[in-house]
Amino acid sequence: MKRRNFLKKASVTGLGLVAVSSTLFSFKEKSEKKSMISPSKPIKPLVIATWDTPLAVETAAKVLEKGGSALDAVEQGCRIEEANENGQTVGKGGLPDRDGNVTLDACIMDEKGNYGAVLAVKNIKHVTSVARKVMEETPHVMLVGQGAEDFAVAKGFERENLLTEASKKAWEKWKETSKYKPIINIENHDTIGMLAIDNNGNISGACTTSGLAYKMAGRVGDSPIIGGGLFVDNEIGGAAATGLGEEVLKTVGSFLIVELMRQGKSPQEACEEAISRIVKKPNSDFRNFQVGYIAVNKQGEFGAYSIHEWFSYNLYKEGVNKNIKSDFFNKG
Ligand code: SD4
């Protein structure tokens, strides 16, 4: 695979609509359409990530185009959002729990089926990298809270205050009423789950979040839990989730999607079935929360589906990085 030249910067054209990412490669509409139907040859390298995350996907794509591994790509990609202080759902600048503490969750999976995660970590920004260290340098798969923070520091990560002025202000405003209700995505940016296929055809994934804003202290959602916020099986494909983690966990969403693909469903069909498991539950309150999934299979076919409108994902393939609006269940 030839390395592509990064051409020029372009602006995002409209909320959630097919939008050109901040870095444009040559746009190949014809091959795009063909490959969505049935790729004869696996499409690689490829990166897909939840929400409008052009820089994260571009960063991962650069790793892959240089011949790097899918594992390195997803780690480097997720680090972009963790360092982005303007994003209030991931890493530094994330909105805190109801006590004003920013606690982060992250996990990572490689092509060998290895998994590492950290849960409810304070004071450390790059939790995806800490999760990778748990995976590669401990006999465990999860570290939680203070133990995870101490482990990170022992591995050379810096402690820093993750609560920015903007997030502190938002929390202080929230405290005036202290209403705790999940909010359907009102912005087009949130938790990042990322899947990548490298030039060797290997698949890895990562997921990183500050969780629900103003959550109860100690609350952990789906994002760092294997099979919930993320699952990768290198023989089949991978899936990642965003939205109300409790609902994803109760249906083991990402694992379900990979298993459905194993049974022959396309990534799109599998994502739709996983959303269906949530909304078709008796007395499902789905009108009041959002869940969105992305998936990719070994051939480089991809899919995405959400309960409500305005979920989007960034996709890099065949030299193009763009934001695509997801199809959704609740059409009124
Ligand atoms: C969680 N799934 O902690 C995360 C939050 C999220 O879009 O994805 N928000 O439940």
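Note that ligands are numbered from 1 as they come in the structure, with each ligand's atoms numbered from 1 the same way. Quick caveat, the model's predicted, so the values are computed rather than measured.
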A.B. asks: Salt bridge or not between Glu273 and Lys265? Use side-chain N to carboxylate O under 4.0 Å.
C.D. replies: no
A.B. asks: Roughly how far apart are Lys168 NZ and Asn161 CG, rounded to 0.5 Å?
C.D. replies: 9.0 Å
A.B. asks: Tell me the contacting part of Arg219 for ligand 1: side chain, backbone, both, or neither, using a 4.0 Å heavy-atom threshold, strictly below.
C.D. replies: side chain
A.B. asks: Select one of side chain, backbone, both or neither to describe which atoms of Thr242 lie under 4.0 Å from any atom of ligand 1, heavy atoms only.
C.D. replies: both
A.B. asks: So does Glu235 have more than 12 non-hydrogen atoms from other groups sitting under 6.0 Å from CD?
C.D. replies: no
A.B. asks: Please check whether Gly221 reaches ligand 1 - meaning an N/O of the residue sits under 3.5 Å from an N/O of the ligand, judged on distance alone.
C.D. replies: no
A.B. asks: Mind checking whether Asp105 has an N or O less than 3.5 Å away from an N or O of ligand 1?
C.D. replies: no
A.B. asks: When rounded to the nearest 0.5 angstrom, what distance separates NZ in Lys155 from OG1 in Thr138?
C.D. replies: 8.5 Å
A.B. asks: Examine ligand 1 and decide if any of its atoms is less than 4.0 Å from a heavy atom belonging to Asp222.
C.D. replies: yes
A.B. asks: Consider every N or O of Gly211 and every N or O of ligand 1, then say whether any pair is closer than 3.5 Å.
C.D. replies: no
A.B. asks: Using a strict cut-off of 4.0 Å, indicate which atoms of ligand 1 neighbour a heavy atom of Gly243.
C.D. replies: 1 (C), 2 (N), 4 (C), 5 (C), 6 (C), 7 (O), 8 (O), 9 (N), 10 (O)
A.B. asks: Can a salt bridge be assigned to the pair Arg262 and Glu259 using a cut-off of 4.0 Å between side-chain N and carboxylate O?
C.D. replies: yes
A.B. asks: Give the residue, atom name and distance (to 0.1 Å) of the protein heavy atom nearest atom 6 (C) of ligand 1.
C.D. replies: Thr191 OG1, 2.8 Å
A.B. asks: For Glu246, is at least one N or O under 3.5 Å away from an N or O on ligand 1?
C.D. replies: no
A.B. asks: So Tyr214 and Trp174, would you call those rings parallel, tilted or perpendicular, with 30° and 60° as cut-offs?
C.D. replies: parallel
A.B. asks: Determine, using the 4.5 Å side-chain heavy-atom cutoff (strictly less than), whether Ile236 and Phe255 are members of one ILVMFWY cluster.
C.D. replies: yes
A.B. asks: Can you sort out which atoms of ligand 1 are near Ser223, meaning under 4.0 Å from one of its heavy atoms?
C.D. replies: 2 (N), 4 (C)
